[in-house]
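The structure appears below as structure tokens.
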Amino acid sequence: MGTPGNDEPGTQTPQNTKSSPLFRYNSPFIQIVLIGLVCFCCPGMFNALSGMGGGGQVNATASNNALTALYTTFAIFGILGGGIYNILGPHLTLFAGCSTYVLYAGSFLYYNHYQHQFFAIVAGAILGVGAGLLWAAQGAIMTSYPPENRKGTYISIFWSIFNMGGVIGGLIPFILNYNRGDSAVTVNDGTYIGFMVFMAVGAVLSLTILPASKVVRDDGTRCTKMLYSNAATESVEILKLFYNWKMLLIIPAAWSSNFFYTYQFNHVNKPQFNLRTRGFNNVFYWGAQMVGSVGIGYVMDFSFRSRRKRGVVGIGVVALLASAIWGGALANQIKHDPGVILDFKDSGSRYAGPFVLYFSFGLLDAVFQSMVYWVIGALANDSEILSRYAGFYKGIQSAGAAVAWQIDNHNVSAMAQLIVNWVLTTVSYPLLLILVVLAVKEGDNRGEEEPVKEVAGFAH
């Protein structure tokens, strides 16, 4: 990150950066809060819907097939999303992406009445396109807008706001289905309608996000030198990612980072708890994400003076925590009795162990993904570059998720899924350590960025 006397080319210091810098509309802080609120409403509510297991339905087949379609298209448009974001900017990219979430929730409202999964599968495929756009834009904003020495903090701010959506989303089915008794096996219409309302609000909020060229850090530097791009340039740059050694080292972490949702939702929350308890559990699962993101954000930003050392320590902390949690999952899986369905009020001490495990899964998700985003953000500072990196990460992540949901659809045992998840996450840690040691600089990362070229009066 530059200093006021050594700004990046083409940047300028606004007059008002000295007064109330956090609460300028074009400050990184406000923009991170806004993208957090967008994700609170859209993917936050989607997470709550998925976290119930089977999309709130007794039979998970329709949900699994819809999620497979979703993550298949997400894998493609996650990778392309960074380039699309660089061409269209945040307003069109985010609004188009957010709009598809409403359709997906509506497809399960339809399924609740007619039990036809075709609409849910098509809506899932469309949502995959939209999610690819949204998350590529979000990744670029979250990793490039913050100051270089506070990226972990800003990631934790985003992650906390975003996962509050899962908390509120978990309360919706919990409250609306609380008195329906153990005979209720699918959520009611009001649950899906509630999700749709929040998602629609998120689509409108997406129009408040500023493009990177208008966001000014406290030292006066802007988040990108690029004012426009084109399809040919982005196509070439995206293809380069597939033989970029830094991105290749990230692949195992990206693949595994959504792979474990299938096991957590469909083999812990769904079969071990009744309907209202699943909603109750999700409140704490997504709440744990807020706790985890704040904790790992502190480690990645403040634990040591050396940025490289902070990265190494952060990866080590996540690796140790993950090993303990997967070990607890193994113990829980071994002793699980398929004939016992737990209720948070009536099951007493039997409920405590599986609940703590599910809470810990939320903690693990947050620290793992926040850690990976920090590593990506440490590779460069410019929004143009980081939008492609984030899109690549989301694309590979979604390909892994698509495979995971189909593995579950083919009745692979819960124990086998658990072991695969544990191995995948474990393999990623040494590769991320290599990446941090070799690629993360102690100073700024402007060496990644090309000089500004003036084309027809624009910086390009």
Side-chain angles (χ1 to χ4, degrees), residues 32-33 35-53 101 131 134-135 138-139 142-143 151-174 195 198 202 253-254 256-266 268-269 273 278-301 314-315 317-322 324-326 328-329 354-377 390 393-394 397 401 421 425:
I32 292 295
V33 168
I35 192 64
L37 290 172
V38 169
C39 290
F40 166 99
C41 291
C42 293
M45 294 297 151
F46 167 84
N47 284 344
L49 176 60
S50 299
M52 290 185 295
Y101 282 82
L134 185 152
W135 281 106
Q138 175 274 338
M142 188 175 69
T143 55
K151 289 193 177 185
T153 302
Y154 279 63
I155 288 169
S156 70
I157 290 170
F158 163 81
W159 211 261
S160 296
I161 297 171
F162 157 49
N163 283 296
M164 182 58 74
V167 172
I168 302 300
L171 286 172
I172 292 173
F174 173 65
F195 287 142
F198 273 103
S256 62
S257 59
N258 271 187
F259 200 91
F260 47 59
Y261 282 157
T262 307
Y263 174 77
Q264 294 172 3
F265 297 159
N266 280 8
V268 178
N269 202 29
F273 306 98
R278 279 146 55 186
F280 180 79
N281 291 347
N282 275 337
V283 171
F284 288 90
Y285 179 94
W286 302 111
Q289 300 246 359
M290 299 164 65
V291 176
S293 65
V294 170
I296 198 65
Y298 179 86
V299 172
M300 303 304 263
D301 274 355
I315 294 168
V317 168
V318 174
L320 290 173
L321 180 64
I325 292 171
W326 285 118
F355 168 77
V356 170
L357 173 64
Y358 195 63
F359 177 89
S360 300
F361 279 148
L363 200 71
L364 173 61
D365 184 27
V367 298
F368 188 90
Q369 295 214 54
S370 296
M371 175 264 294
V372 177
Y373 270 119
W374 184 93
V375 172
I376 292 172
Y393 169 69
K394 296 303 292 188
Q397 180 188 71
N421 277 298
T425 53

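The structure displayed is predicted, hence computed values, not measured ones.
Between M142 and I35 the shortest side-chain heavy-atom distance does not fall below 4.5 Å. Annotation: side chain of L364 is not in contact with side chain of S360 (no heavy-atom distance under 4.5 Å). The shortest side-chain heavy-atom distance between D365 and Y285 falls under the 4.5 Å cut-off.
A donor-acceptor pair is defined here as one N or O able to donate and one able to accept, closer than 3.5 Å; no such pair exists between the side chain of N266 and the backbone of T262. Side-chain N or O atoms of K394 include none that pairs as donor or acceptor with a backbone N or O of W135 at under 3.5 Å.
V283 meets the side chain to side chain contact (heavy atoms under 4.5 Å, CB included) test with V167, L171; sequence neighbours excluded. S293 is linked by a side-chain hydrogen bond (donor to acceptor under 3.5 Å, both in side chains) to S160, counting only residues two or more places apart in sequence or in another chain. In terms of the side-chain hydrogen bond (donor to acceptor under 3.5 Å, both in side chains) criterion, residue partners of Y393 (sequence neighbours excluded) are, by chain and number, S257, Q369, Q397. Residues passing the ring-ring contact (aromatic ring centres under 6.0 Å, His included) test with F361 are W326, sequence neighbours excluded. For the side-chain hydrogen bond (donor to acceptor under 3.5 Å, both in side chains) test, residues two or more places apart in sequence or in another chain that qualify with D301 are T153. With sequence neighbours excluded, the residues that form a ring-ring contact (aromatic ring centres under 6.0 Å, His included) with F158 are F162. With sequence neighbours excluded, the residues that form a side chain to side chain contact (heavy atoms under 4.5 Å, CB included) with A319 are Y429. In this view, F359 satisfies the ring-ring contact (aromatic ring centres under 6.0 Å, His included) rule with no residue, not counting sequence neighbours. Remark: M300 pairs with I296, M371, W374 by the side chain to side chain contact (heavy atoms under 4.5 Å, CB included) rule, at least two apart or across chains.
In terms of heavy atoms, Y263 sits closest to A329 at OH-O, 4.1 Å. For the pair G362 and A288, the tightest heavy-atom approach, listed with the atom from each and the gap, is C-CB, 4.0 Å. Of all heavy-atom pairs spanning G202 and C42, the tightest one is CA-SG, 3.9 Å. Looking at every heavy atom in both residues, A48 comes nearest to G166 through CB-O, 3.9 Å. Between G328 and L357, the closest heavy-atom pair is C-CD1, 4.1 Å. A366 approaches Q289 most closely through the heavy-atom pair CB-O, 3.2 Å.
The distance from atom CZ of F260 to atom CD1 of I325, rounded to the nearest 0.5 Å, is 9.5 Å. One finds the OH atom of Y373 at 9.5 Å from the OG atom of S370 (value rounded to the nearest 0.5 Å). Atoms CG and CZ, on N47 and F195 in that order, are 10.0 Å from each other to the nearest 0.5 Å. Interatomic distance, F368 CZ to N258 CG, rounded to the nearest 0.5 Å: 10.0 Å. Distance check: F355 CZ to N269 CG gives 10.5 Å after rounding to the nearest 0.5 Å.
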Exercise. Is there a side chain to side chain contact (heavy atoms under 4.5 Å, CB included) between T143 and Y154 once you walk through the steps?
Worked result: CA-CA 9 Å; T143 55; Y154 279 63; over 6 Å; no
For this session: Before giving the answer on side chain to side chain contact (heavy atoms under 4.5 Å, CB included), spell out for F280 and F273 the whole-Å C-alpha distance, their side-chain angles and the decisive distance to 0.1 Å.
Result: CA-CA 10 Å; F280 180 79; F273 306 98; over 6 Å; no
For this session: Evaluate side chain to side chain contact (heavy atoms under 4.5 Å, CB included) for F40 paired with F198, printing each intermediate quantity in order.
Result: CA-CA 9 Å; F40 166 99; F198 273 103; 3.9 Å; yes
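The environment of CE in M164 is sparse: at most 12 heavy-atom neighbours from other residues, nucleotides or ligands sit within 6.0 Å.
Under 3.5 Å, the side chains of Y358 and N282 contain a donor-acceptor pair of N or O atoms.
The only member of T425, V372, V367, V299 that meets side-chain contact (heavy atoms from CB on, under 4.5 Å) when paired with V318 is V367.
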